[in-house]
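Step one of this worksheet: look at the structure below.
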Amino acid sequence: MTFQNKTVFITGGSRGIGKAIALRLAREGANIAIAAKTAEAHPKLEGTIHTAAAEIEAAGGKALALQTDIRFEDQIEAAVQRTADTFGGIDILINNASAINLLPTEQLEAKRFDLMHGINVRGTFLVSKACIPFLRKADNPHILNLSPPLDLDPRWFGMHLAYTLSKYGMSMVVLGLAEELRAAGVAANALWPHTTIATAAVQNLLGGDYLIQRSRRPEIVADAAFAILSRPSRECTGNFFIDEDVLRAEGVTDFDKYAVNPGGELQKDLFVK
């Protein structure tokens, strides 16, 4: 498969995993639409839609920077339509945008609950809805959500109920769309990292430098996404992939190259046993 002239719509792709996936596909010649909120530099968050677009074009792809808050349906529809108008369609959707808060139920404010569900579940659903008409017309169309395997182990609910509900909501979108779109040949899959990934969320919200040193770089998720999106959509749908497993199936044996601290101890990500 080639990604030359394929059009990829990525939510939340101005930094971290989303940007890494964008750059990986850009190196294969893809057109990348970055739909994210950050249009101006933030003191604690590296990267904007414009800096990401510049990196994408430097990597060999074509970029479209779209300031988009996926909590608002009108912004979603405008961004999707502009992408299709600019590049002639949409071949791949990557639902990467996500909000996280691990507070227990008694401490979590309603606005934090609403933010996670507004982005993770509602946003993912509405972006998918807007892209489906274009994906139906594409050759080898894929939807890929950055969400975990569905596992009803009570510990994932007891530790951070609201966040688990929101991420499992994204995964249930995968389960539903894989079946709903099976006859149309539109694949829907989920991808989740085996270990924590060195992103701004891990740095600022979860574990700081300590956890960063026990993490892998976003490129491992990007390489796994590339492998999944290269597969025939009619033969690869409804799966809940773990990045390391995907790459092992592709023949990768050296995972130390992805580590922030090669040879060091790694921290398993949430939802991974």
Side-chain angles (χ1 to χ4, degrees), residues 3 6-27 29-101 111-112 114-131 134 143-147 166 170 197-206 217-219 221-222 225:
F3 290 89
K6 293 280 188 179
T7 296
V8 184
F9 189 93
I10 303 181
T11 65
S14 58
R15 62 182 67 89
I17 290 172
K19 189 181 79 169
I21 295 174
L23 292 174
R24 181 69 182 88
L25 299 178
R27 290 199 296 271
N31 307 317
I32 311 289
I34 294 291
K37 290 192 298 182
T38 308
E40 297 181 1
H42 188 284
K44 291 186 178 180
L45 296 172
E46 180 183 355
T48 69
I49 55 173
H50 303 297
T51 58
E55 290 184 55
I56 288 164
E57 296 198 338
K62 294 179 181 177
L64 181 63
L66 300 164
Q67 186 175 20
T68 310
D69 186 335
I70 65 168
R71 291 175 294 176
F72 300 97
E73 188 174 19
D74 59 338
Q75 293 188 32
I76 292 170
E77 291 175 348
V80 168
Q81 189 61 55
R82 187 175 169 200
T83 300
D85 290 344
T86 301
F87 297 121
I90 297 173
D91 300 279
I92 294 167
L93 165 62
I94 299 173
N95 285 307
N96 166 74
S98 190
I100 182 171
N101 192 305
K111 67 179 182 180
R112 304 297 180 190
D114 291 344
L115 177 67
M116 286 191 285
H117 285 74
I119 295 173
N120 301 1
V121 187
R122 185 176 184 274
T124 293
F125 181 90
L126 291 178
V127 173
S128 299
K129 175 186 175 183
C131 287
F134 300 101
I143 297 170
L144 184 65
N145 289 5
L146 274 297
S147 62
S166 71
M170 290 180 72
I197 300 296
T199 63
V202 169
Q203 177 75 52
N204 298 331
L205 301 176
L206 300 182
R217 295 181 290 105
E219 284 72 19
V221 185

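If you read the sequence from its start, that first residue is 1, and numbering goes on from there.
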Sub-4.5 Å side-chain heavy-atom contact between [X] and [Y]:
X    : Y    : value
I32  : K62  : no
N95  : V127 : yes
F134 : V80  : yes
S128 : L93  : yes
L144 : I92  : no
I197 : R217 : no

Report task. Please test N96 against T11 for side-chain hydrogen bond (donor to acceptor under 3.5 Å, both in side chains), starting from the C-alpha separation and ending with a verdict. Result -> CA-CA 5 Å; N96 166 74; T11 65; 5.4 Å; no

For a quick test of reading the model, state the closest non-hydrogen atom pair linking [X] to [Y] and the distance between them.
X    : Y   : value
A130 : I76 : CB-CG2, 3.9 Å
A79  : L66 : O-CD1, 3.6 Å
A65  : I49 : CB-O, 3.7 Å
A97  : I70 : CB-CD1, 3.9 Å

Contacts under 3.5 angstrom, residues 13-23 side chains, donor-acceptor by atom type, not counting sequence neighbours:
| unit_1 | atom_1 | unit_2 | atom_2 | d |
| --- | --- | --- | --- | --- |
| R15 | NE | E46 | O | 2.9 |
| R15 | NH2 | T38 | OG1 | 3.2 |
| R15 | NH2 | G47 | O | 2.9 |
| K19 | NZ | E55 | OE1 | 3.4 |
| K19 | NZ | E55 | OE2 | 3.0 |

Give, for atom [atom1] of [X] and atom [atom2] of [Y], the distance between the pair rounded to the nearest 0.5 Å.
X    : Y    : atom1 : atom2 : value
I10  : L64  : CD1   : CG    : 12.0 Å
S166 : R122 : OG    : CZ    : 15.0 Å
I100 : L115 : CD1   : CG    : 11.5 Å
N31  : I90  : CG    : CD1   : 11.0 Å
M170 : T124 : CE    : OG1   : 3.5 Å
D114 : K111 : CG    : NZ    : 11.0 Å

Query - Residue of the set N145, I143, L25 for which side chain to side chain contact (heavy atoms under 4.5 Å, CB included) holds with I94 - result: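 One option only clears the test, and that one is L25.
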
Query raised in the report: Run the side chain to side chain contact (heavy atoms under 4.5 Å, CB included) check on M116 and N101 step by step: do they pass?
Result: CA-CA 8 Å; M116 286 191 285; N101 192 305; 3.9 Å; yes

Query raised in the report: Taking only residues two or more places apart in sequence, or in another chain, which ones meet E73 in a side-chain contact (heavy atoms from CB on, under 4.5 Å)?
Result: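 Scan of E73 (side-chain contact (heavy atoms from CB on, under 4.5 Å), adjacent residues dropped) gives E77, L126, K129.
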
Requested in this report: Please assess K37 against R71 for the test side chain to side chain contact (heavy atoms under 4.5 Å, CB included), listing each intermediate value before the final yes or no.
Outcome: CA-CA 10 Å; K37 290 192 298 182; R71 291 175 294 176; 4.1 Å; yes

Query raised in the report: In this structure, are over 12 heavy atoms from other groups packed under 6.0 Å from R82 atom CZ?
Result: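 It does not: R82 CZ has 12 such atoms or fewer within range.
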
